[in-house]
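A short write-up of the structure that comes next.
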Amino acid sequence: MTPLFDNFFGPDRFQPDDKGASARMDASQETLANIVAVIAFGLPVVLAVGALSPAVCFHDSISAFYYSRFFGGVFVGSVSIIAALLVAYGGQGKNEWRLASVAAIPAILVAWMPTNGPKCQIDGLQLRAFVQEGAAETAEVTYSLSALAGILHVGSAILFFVFLAYFSAYVFTREVKGFHRKDGELGSAKENRNRIYLWCARVIVGSVSAIGLYWTYIKLIGEFPLWDSLRLTFVFEAIALWAFGLSWLVKGRVFGRALHD
């Protein structure tokens, strides 16, 4: 065999990595976390700015942008990339990688199983793959893959946000023995990071709870015009994504020495 193939099949293939390999791996994991965060921050902004165009409907939720001609691809692509990066994210140990990989499953379903909608009528709407116009018994035209798709979408979205909150509250806040505590005291940088993680988790839970209360209200009482006019579902979804993005930016050490051990 040539020396090139010796690196893969020869007796030296199990040699330990050089001293810089661990540092490079840590840096690559931080980069993945930061990319996830940037997408989470950017997706609501891109959709909202795009909806300023008169040719684009400003949907009442981020998920409903699935039906937009151009921004539907932005929504599906962004959430799919987040799911792929969650699988690629190794974290600190197999359990963290497994949890991130499981969280990718509802993320994929959120992207590929469309919510029922859109609620706003668009002339010349081009439906995405597998989506058909439903028989409307009212004047409002609705579009959906199927009734089951909408249920799967909502359930997956809730589960995905639960995973995000859990990551912030319980995974990112864990302590490594002999590293984060010295003389029994938690380091100030780790303490500050934990405060941010916990607040991000609270914001995610609070935002999802607000949307849940809205759904309960309209089911039990009726329409909530102010909520719809302000597109508060979109707003609270954006806030939850931004909280998720902030926690992953902190995890990715993007703030440098300010929050670094």
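None of these values were measured; they are calculated from a predicted model.
Here the CD1 atom belonging to I82 is positioned 8.5 Å from the CG atom belonging to L164, to the nearest 0.5 angstrom. The distance from atom CG of L230 to atom CG of L226, rounded to the nearest 0.5 Å, is 4.5 Å. With rounding to the nearest 0.5 angstrom, the CD1 atom of I62 is 13.0 Å from the CZ atom of R231. Atoms OH and CZ, from Y217 and F224 in turn, are 6.0 Å apart once rounded to the nearest 0.5 Å.
There is no side-chain donor-acceptor pair under 3.5 Å between H59 and S68. One side chain, W112 or S80, offers a donor N or O that lies under 3.5 Å from an acceptor on the other. A side-chain donor from one of D228 and Y214 sits under 3.5 Å from a side-chain acceptor of the other. Checking T233 against S61 by side-chain atom types alone, no donor-acceptor pair falls below 3.5 Å.
Y170 meets the side-chain contact (heavy atoms from CB on, under 4.5 Å) test with Y166; sequence neighbours excluded.
A cation-pi arrangement, defined by a distance under 6.0 Å to the six-membered ring centre and an angle within 45 degrees of its axis, is absent between R193 and F172.
For the side chain to side chain contact (heavy atoms under 4.5 Å, CB included) test with E237, the passing option among L43, I211, V208 is I211; the others fail.
No more than 12 heavy-atom neighbours from other residues, nucleotides or ligands sit within 6.0 angstrom of CH2 on W199.
Side-chain contact between F161 and F244 is absent, with no heavy atoms from C-beta onward closer than 4.5 Å. The shortest side-chain heavy-atom distance between V74 and V46 falls under the 4.5 Å cut-off. In this structure, the side chains of V76 and Y66 come closer than 4.5 Å at one or more pairs of heavy atoms.
The two residues G50 and F71 come nearest to each other via the heavy atoms CA-CZ, 3.3 Å. Closest of all the heavy-atom pairs between A107 and V79 is O-CG1, 3.2 Å.
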